[in-house]
Amino acid sequence: MSTARVITKASPSAAAAATPGPAGPSLPPAAGPVVVVPPRRLSPTARPSGGRWALLAMQVRCELVSNLRVPEFLIGVVAIPVMLFAMFGPPNARWSLPDGTLVSTMMMPGFGAFGLVSLVIFAFGVDIANERGKGWLRLMRATPAPGWAYFGGKLVTSLALAALTLLALFVVAALIAQVRLPLERWLAIFGVLLLGGMSLAPLGFTLGFLARPRAASTIGNLVFLPLSFASGFFFPLNQLPEFLRALAPYLPTYHYGQLVWRVTASPASVEAYTGIALGPVWVSLAWLAGTFVLFGALAVWGYRRQRSREQT
Amino acid sequence: MVIEMRGVTKRYGDVQALAGIDLDVEPGEVVAVLGPNGAGKTTAIAVMLGLTRPSSGQVRCFGGDPARYEARSRVGVMLQESGVPSSLKVAEVVGLFQRYYPYTLPLDEILERADLVEKRDKLVSTLSGGQRQRLYFALAIAGDPDLVFLDEPTVALDVSARRSFWQQVEGFAALGKTVLFSTHYLDEADAIAQRVVVVDRGRVIAEGSPRDIKRLVADTTVRFAADVALERVAAMPEVQRAVREEGFVVVTTNEPEALLRRLFADGVALRDLRVSDADLEAAFVHLTNGQGLTSVAHTAAGGAAAATKGVSA
């Protein structure tokens, strides 16, 4: 009389196996290894979606516009380093170092490095943690989209925002802080700041996947402000307390700064400005490479842990 | 077979979320997974999607691992609580998801199917709850999937928003697509699904057409006013469940004639007697031993507001 069935707790699987489906075409019973895969059933209006480059372009476009529509984010990440430099840079254009380099010229890459570290921490770290917390990443993961699309979108967007920050900083520096450099120095500073900043990107990814979403912003501030301060991005290291100066060479961001200053002025000027003699270039490079590898591994571990832990 | 689950269990620490689920879904079916909160519906869907690995048992989606590309590119999904980046516009988010899949429907068609044409250039942050659910639905169908999972899609929607939402789902199912949704709104399962799978405490406890499920458990609701102790009615052998509701005694039973004979024979004076078909909610309460109702389900079906407080026979 009734085709419904209540499955007793004793034999759930026996009951399930006994019932044919109530609707649809009668497929052969799925006994044994025979697997019947229903054919793809595209709608008449369906069309191919455009491939991986279209995907990456769209991902970047979405990342960019969603950042540009949040003025707080742009101000925090792009405008603050430029504004801080505009306040502290010009008064220091009065002094110059032994080879004639202005102190304001040395301060400019410091604030650039500060801006890029904050970009890496906030655009990667805090952003990812938030999107993870809201379940957006989980929904993305249920689609066939490859993982690189998400990271690629973030990376390209961060590069664009970083370039924007640096260009604004350079313009301000040239206009009001009397920074005059030959073109190749401008380019070298730009390139080293950008590459060095991206080598610190795994710091952000690690934060994004390991921090609790609500704590990410606080942790981000706790990490990047002391790092920037202790690496001499705001004030020359020789004006910092002794213990910070002793600690600085063990921070990846310190070596980031050393690499940028190295291409800004002569070694003598760098030493005069920072108060610490420049070490060998390979030490600084090794520090950034090591940071990239170590935190890259941590980020991958955090990403995997996150995936295997999801349980809601 | 679109989905096959065999003896799937999932344990999170001390919590047995799934305790051995067997489920087959065939192409073109519209299946409701019905159960109270915490029954394991969401976990079951996460396993079918390959987002969560089962502790034991087997799950196949389109003949293989649900996490592989071939399956993912044929599946669309609405999860619970997926925050869309709120500073994107509707057309941008949908455009993004269109490119996540190898095949896609035209943007205009997606927006039309999700009733979002007018919201096309609105920021996600300005959408109402119902519009946001429709956006998630748009994301779910962006890849022209053969199978759509909807995990409690109408939670927190008002009655009219739910009705229009299900119209859109039915429109998509009419293309020959397979739809599997979870709900604890019994009237939804009744109205939309061809087949209902009742899940409780990580098991499938019943399965069949909405009509069959109803018939299986309790045909009839008998409602009357009388000066009689509820316990006395509940103790009668014909009674599956008895509750007092706004001064009436409401009884679910398979044997209304025998019950009424007994009541008259016992000399219970009935007033305002009404006998009607039981709704699916009554069936559900019975199947889950009266523990299945949530406050949300009450508003859904309107009636039996006293169900959880009532005496269960």
Side-chain angles (χ1 to χ4, degrees), chain A residues 1-7 9 12-13 15-17 19 21-25 27 30 35-38 40-43 45-51 54-55 57-59 61-63 65-70 130-131 133-136 138-145 149 307-308 310-312, chain B residues 1-2 4 6-7 12 20 22-24 26-29 42 49 51-52 60 62-63 69 72-75 77 79 81-85 87-88 92 95-106 109 139 143-144 146 175-177 194-195 203-209 212-213 215-216 287:
Chain A
M1 149 187 137
S2 166
T3 57
R5 60 214 164 77
V6 164
I7 294 158
K9 288 184 179 174
S13 51
T19 326
L27 291 170
V35 177
V36 182
V37 181
R40 184 77 167 102
R41 186 169 187 144
L42 288 172
S43 303
T45 49
R47 54 180 170 75
S49 69
L55 165 57
M58 190 67 188
Q59 186 83 41
R61 190 182 133 198
C62 284
E63 286 283 344
V65 295
S66 74
N67 279 327
L68 295 177
R69 281 187 196 132
V70 186
N130 281 336
E131 288 175 354
K134 285 190 295 186
W136 179 239
R138 186 173 163 83
L139 183 61
M140 271 193 68
R141 211 152 69 61
T143 72
R307 292 180 54 152
S308 62
E310 280 175 342
Q311 22 182 281
T312 39
Chain B
M1 211 63 84
V2 175
E4 295 171 82
R6 293 280 174 277
Y12 296 121
D22 295 275
L23 180 67
D24 287 335
E26 295 194 48
E29 270 196 289
T42 296
L49 276 167
L51 287 177
T52 301
R60 280 202 292 231
F62 293 109
Y69 179 83
R72 285 261 159 92
S73 58
R74 301 177 66 174
V75 171
V77 62
L79 297 172
E81 292 170 36
S82 324
V84 178
S87 45
L88 287 178
E92 290 165 347
L96 191 59
F97 265 63
Q98 282 184 290
R99 282 161 187 81
Y100 285 170
Y101 289 86
Y103 287 92
T104 182
L105 299 171
E109 183 181 340
L139 300 183
D144 191 27
D146 291 330
L175 294 171
K177 308 295 192 177
Q194 299 156 0
R195 183 154 65 101
R203 287 178 196 281
V204 175
I205 56 169
E207 195 176 339
S209 73
D212 291 336
I213 294 273
R215 191 177 297 159
L216 183 70
L287 284 173

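Order of the sequence lines fixes the chain letters, A, B, ..., with proteins taken first and strands second; residue numbering starts at 1 for each chain. The figures that follow rest on heavy atoms only: side chains count, while hydrogens, waters and symmetry mates do not.
To the nearest 0.5 Å, atom OG1 of residue A/T143 and atom CG of residue B/L139 are 10.0 Å apart. Expressed to the nearest 0.5 Å, how far CG of A/L42 lies from CG of B/L175 amounts to 11.0 Å. Atom CG of residue B/L51 and atom CZ of residue A/R141 lie 5.0 Å apart, to the nearest 0.5 angstrom.
When each of A/G50, A/A149, A/G51, A/A54 is scored by its heavy-atom pairs under 4.5 Å with chain B, the top score falls to A/A54. The candidate with the highest count of non-hydrogen atom pairs below 4.5 Å against chain A, out of B/V84, B/L49, B/V2, is B/V84.
When side chains are defined from C-beta on, A/P38 does not count as touching B/D146, because their heavy atoms never get closer than 4.5 Å. A/R40 has its side chain out of reach of B/S73: every pair of non-hydrogen atoms, C-beta onward, lies at least 4.5 Å apart. Side-chain contact between A/M58 and B/F97: absent, with no pair of heavy atoms (C-beta onward) separated by less than 4.5 Å. With a 4.5 Å cut-off on side-chain heavy atoms, A/Q59 and B/L96 count as touching.
Scanning both residues, A/P48 and B/Y103, for their nearest heavy atoms gives N-CD2, 3.8 Å. Among all heavy-atom pairs drawn from A/S66 and B/L88, the shortest one is CB-CD2, 3.7 Å. In terms of heavy-atom proximity, A/V37 sits nearest to B/G63 at CG2-CA, 3.9 Å.
A/L68 is linked by a side chain to side chain contact (heavy atoms under 4.5 Å, CB included) to A/L74, counting only residues two or more places apart in sequence or in another chain. Partners of A/R69 under the salt bridge (charged side-chain N to carboxylate O under 4.0 Å, His left out) rule, at least two apart in sequence or in another chain, are B/E92.
Side chain of A/S49 to main chain of B/T104: no donor-acceptor pair is present (N/O by atom type, distance under 3.5 Å, no hydrogens or angles). Side-chain atoms of B/R74 never come within 3.5 Å of backbone atoms of A/R41 as a donor-acceptor pair (strictly under, hydrogens ignored).
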